[in-house]
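Remarks on the structure that follows.
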Amino acid sequence: MNANKIVMKIVSASFSVLVAILLLFGLYQGGKAAYGFGYRVFTEQAVDEPEEGEDKVVQITSQMGGREIGKLLEKKGLIRDAKLFVVQLALSSYSKKIKAGTYTLSTSMTAQEMMQVMSADEAEGTEEMEIMETEEQGS
């Protein structure tokens, strides 16, 4: 009987150590993933380099929230991760400023630049276009 108790104590201790190791490994991996995601929130680069960017047209409706916009942009290949875009939008100053409309966005734009375009006033865009046309005519 004495041998059985010793074997059971060894098995129990081994099991406890194994559970502790697995728990620490899980915490490490979870922390590593959380850090990577958090890092990407503030440092995510554009999908393409500026000279390789493709323009894509997206239609944003007034019923769309951040999640739907993120899914649309991911589907169009403008961003890599819709969930990351949702967090970036929530933490940005553009959170409640995205306007419904049709936008031409490029794969060489960062999420921040896309948010800026989608939240710009139409009047500002019209003024900029008029200024550019006037400058071109003057040349």
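For this chain, numbers begin at 1 and follow the sequence in order.
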Among the clusters formed by ILVMFWY side chains lying less than 4.5 Å apart, do F42 and V87 turn up in the same one? yes

hydrophobic_cluster_shared for I69 and L91, side chain cutoff 4.5 Å: no

If you measure from [atom1] on [X] to [atom2] on [Y], what distance do you get to the nearest 0.5 Å?
| X | Y | atom1 | atom2 | result |
| --- | --- | --- | --- | --- |
| S92 | I98 | OG | CD1 | 7.0 Å |
| L24 | Q29 | CG | CD | 12.0 Å |
| E49 | T107 | CD | OG1 | 10.0 Å |
| T110 | Q88 | OG1 | CD | 8.0 Å |

Which atom of [X] lies closest to which atom of [Y], heavy atoms considered:
| X | Y | value |
| --- | --- | --- |
| A100 | S62 | CB-N, 3.6 Å |
| G66 | V86 | O-CG2, 3.7 Å |
| P50 | S108 | CA-CB, 3.6 Å |

Does the side chain of [X] reach to within under 4.5 Å of the side chain of [Y], using non-hydrogen atoms?
| X | Y | result |
| --- | --- | --- |
| F85 | M115 | yes |
| L84 | I79 | no |
| L73 | K76 | no |
| M109 | L78 | no |

How about E52: does its CD atom have over 12 heavy atoms from other parts shown lying under 6.0 Å from it? yes

Tell me, yes or no, whether the heavy-atom count around K71 atom NZ, taken from other residues, nucleotides or ligands under 6.0 Å, exceeds 12. no

T102 vs Q59, side-chain hydrogen bond (donor to acceptor under 3.5 Å, both in side chains): CA-CA, chis, key distance, verdict: CA-CA 4 Å; T102 303; Q59 176 85 30; 2.6 Å; yes

Sequence neighbours left out, what passes salt bridge (Lys or Arg N to Asp or Glu O under 4.0 Å) with E44? Give chain and number order. R40, R80

Evaluation steps, side chain to side chain contact (heavy atoms under 4.5 Å, CB included), between T104 and V58: CA-CA 6 Å; T104 302; V58 294; over 6 Å; no

For the pair V57 and Y103, evaluate side chain to side chain contact (heavy atoms under 4.5 Å, CB included) and give the outcome as yes or no after the intermediate values. CA-CA 6 Å; V57 177; Y103 301 98; over 6 Å; no

Partner of Y94 by side chain to side chain contact (heavy atoms under 4.5 Å, CB included), out of Q116, M114, M118: Q116

Report the C-alpha separation of L105 and D55 in whole Å, then their side-chain angles, then the decisive distance to 0.1 Å, and conclude whether the side chain to side chain contact (heavy atoms under 4.5 Å, CB included) test is met. CA-CA 6 Å; L105 304 173; D55 289 345; over 6 Å; no

Quick one, K99 with I60, criterion side chain to side chain contact (heavy atoms under 4.5 Å, CB included). Give me CA distance, side-chain angles, the key distance, then yes/no. CA-CA 7 Å; K99 296 184 171 109; I60 305 297; over 6 Å; no

With no hydrogens and no angle check, is any side-chain donor or acceptor of S12 less than 3.5 Å from a backbone partner on M8? no

